[in-house]
*Asks:* 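Below is one structure. I have some questions about it.
Keep in mind the model is a prediction, meaning the values are calculated, not measured. Chain letters run A, B, ... following the sequence lines, proteins first and then strands; every chain starts at 1.
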There are 2 protein chains.
Amino acid sequence: MSLRHAMLGLLARGPASGYDLMKMFEISLSNVWPATQSQLYGELGRLADTGLAEVVAEGPRGRKEYAITDAGLAELRHWITDVEPNRSRRSDMLLRVFFLDTVEPEQARHYLRERAAAATEQQDGLAKVRELIAEGRDPLSVYGRIAVEWGLRFSAMQREWAEWAVGQLDQLPPR
Amino acid sequence: MSLRHAMLGLLARGPASGYDLMKMFEISLSNVWPATQSQLYGELGRLADTGLAEVVAEGPRGRKEYAITDAGLAELRHWITDVEPNRSRRSDMLLRVFFLDTVEPEQARHYLRERAAAATEQQDGLAKVRELIAEGRDPLSVYGRIAVEWGLRFSAMQREWAEWAVGQLDQLPPR
DNA sequence: AGCCTACATTCCAAAGTTGACATGTCGTCC
DNA sequence: GGACGACATGTCAACTTTGGAATGTAGGCT
């Protein structure tokens, strides 16, 4: 149930409407925890029902501004410090690797080369994001940079791994 | 819908029952694509309904042995070569990082140090797995090693990143 | 013969996720 | 004053994932 906590985390920075949260997700959290608009509004209602957030203002076009409550902040902190992060990472990319022997060797190599290329592309994109938030001294920028750094290191690792793996296949005896 | 393809991939190595698949998932795929017994049996039925697999033998205790069909093999190969792997990786571990400014600085450091420790632990576990399959010349071992190498590199990267991140926090001006 | 473990399947409820559809309003530019 | 894009929320069906309960059989050991 991390969606709930992602929303609490954003609300902890200040009151926001569902629409605001939607944009914040798109900008900053989409790579870490994607959420659709319907999920957001649904969860916002549940947050209010359970007292973790409350409507603090109503604006034009039916806008409802929500703020985190003390209970919500406590729940957020509890989640951050006391709940063990999920270890398992589903990866259909890696799943395919297990079955690469069912396709032609050349296709297996192609698959891995594509992974390396995709990683490079991702790295370039993240490098640009890092530049955008390079200046900020606010918490969002500081911790955002730490998260971006993770992505950068991850894609570098993946690129190197994929290149190494192609080399492994080259050393394989022909079938 | 990768579960279907994970099962097809295992069936491509030879006929198996739901129970057999369950054990294979536990041993080799649990880190990449966890699946529960109820999912397995359900999907097995659907595989048979859609002609991607078929019952080839019945054994004691109601055992039904399934084998992949030509259509199933074609679908598996199609998935491996033509379907773009999912880029997005949900990570509640990284999500917490975004909100680390809502807890005490010391708790933030503690969180990151715990991540480093967990990564080290994971690395040790994978190193043992690698030893276990170091010998095999069969496709499962070859590609299994490539997958394990990914995990090893991933956890090394995560450990280094977490340690680096603690250093970043140390350079932060006190609130 | 009796017991235990491993084998083996089926069904179900709850929660999470996706993507689409439906509906309406405010502000601004021409 | 009309058109349009951005703002704003709500609902729904389908599918996936999780976790548990219920049920029963075969084989091996004592």
*Asks:* Which residues in residues 7-15 of chain B have a heavy atom closer than 4.0 Å to any atom of DNA chain D?
*Replies:* none

*Asks:* Tell me whether the guanidinium CZ or amine NZ of B/Arg145 lies under 6.0 angstrom from the six-membered ring centre of B/Trp150 and within 45° of its axis.
*Replies:* no

*Asks:* Is a salt bridge present between A/Glu163 and A/Arg113, judged by a nitrogen-to-oxygen distance below 4.0 Å?
*Replies:* no

*Asks:* Could you tell me whether B/Asp92 and B/Arg96 make a salt bridge, using a distance below 4.0 angstrom between a side-chain N and a carboxylate O?
*Replies:* yes

*Asks:* Taking the side chain as everything from C-beta on, heavy atoms only, tell me whether B/Leu10 gets closer than 4.5 Å to B/Asp20.
*Replies:* no

*Asks:* Is the B/Phe154 ring parallel, tilted or perpendicular to the A/Phe154 ring (thresholds 30°, 60°)?
*Replies:* perpendicular

*Asks:* Under 4.0 Å, counting only non-hydrogen atoms across every strand here, what does A/Ser17 touch: a base, just sugar-phosphate, or nothing?
*Replies:* sugar-phosphate

*Asks:* To the nearest angstrom, how far is B/Gln39 atom CD from C/dT17 atom C1'?
*Replies:* 14 Å

*Asks:* Just to be sure I understand the geometry, which residues of residues 57-66 of chain A put a non-hydrogen atom under 4.0 Å away from DNA chain C?
*Replies:* A/Pro60, A/Arg61

*Asks:* Regarding B/Arg159 and B/Gln123, is there a side-chain donor-to-acceptor distance under 3.5 Å anywhere?
*Replies:* yes

*Asks:* First and last nucleotide of DNA chain D touching chain B, 5' to 3', heavy-atom cut-off 4.0 Å?
*Replies:* D/dT16 to D/dA26

*Asks:* Going by an N to O cut-off under 4.0 Å, is there a salt bridge joining B/Arg109 and B/Glu106?
*Replies:* yes

*Asks:* Rounded off to whole Å, could you give me the CE-to-C1' distance for the B/Met24 and C/dA8 pair?
*Replies:* 14 Å

*Asks:* Before accepting this row, confirm whether a basic side-chain N of the pair B/Glu58/B/Lys64 lies closer than 4.0 Å to the acidic partner's carboxylate O.
*Replies:* no

*Asks:* What is the separation between atom CZ on A/Arg4 and atom C1' on C/dG16, rounded to the nearest whole Å?
*Replies:* 11 Å

*Asks:* What's the OH-C1' distance between B/Tyr41 and C/dT9, to the nearest Å?
*Replies:* 5 Å

*Asks:* Can you measure B/Asp92 atom CG to C/dT17 atom P for me and round it to whole angstrom units?
*Replies:* 11 Å

*Asks:* If I take atom CE in residue B/Met22 and atom P in nucleotide C/dA6, what distance separates them, rounded to the nearest angstrom?
*Replies:* 12 Å

*Asks:* Please report, rounded to the nearest Å, how far the P atom of C/dT9 is from the CD atom of B/Gln37.
*Replies:* 10 Å

*Asks:* Please classify the nucleic acid contact of A/Arg46 as base, sugar-phosphate, or nothing, using heavy-atom distances under 4.0 Å.
*Replies:* nothing

*Asks:* Check whether any side-chain heavy atom of B/Ile146 sits under 4.5 Å from a side-chain heavy atom of A/Phe98, and report yes or no.
*Replies:* no

*Asks:* Salt-bridged, B/Arg77 to B/Glu75, with N to O below 4.0 Å?
*Replies:* no

*Asks:* How do B/Ser38 and A/Ser38 order along DNA chain C: which one's closest nucleotide is nearer the 5' end?
*Replies:* B/Ser38

*Asks:* Are the side chain of B/Arg13 and the backbone N or O of B/Gly9 linked by a donor-acceptor pair below 3.5 Å?
*Replies:* no

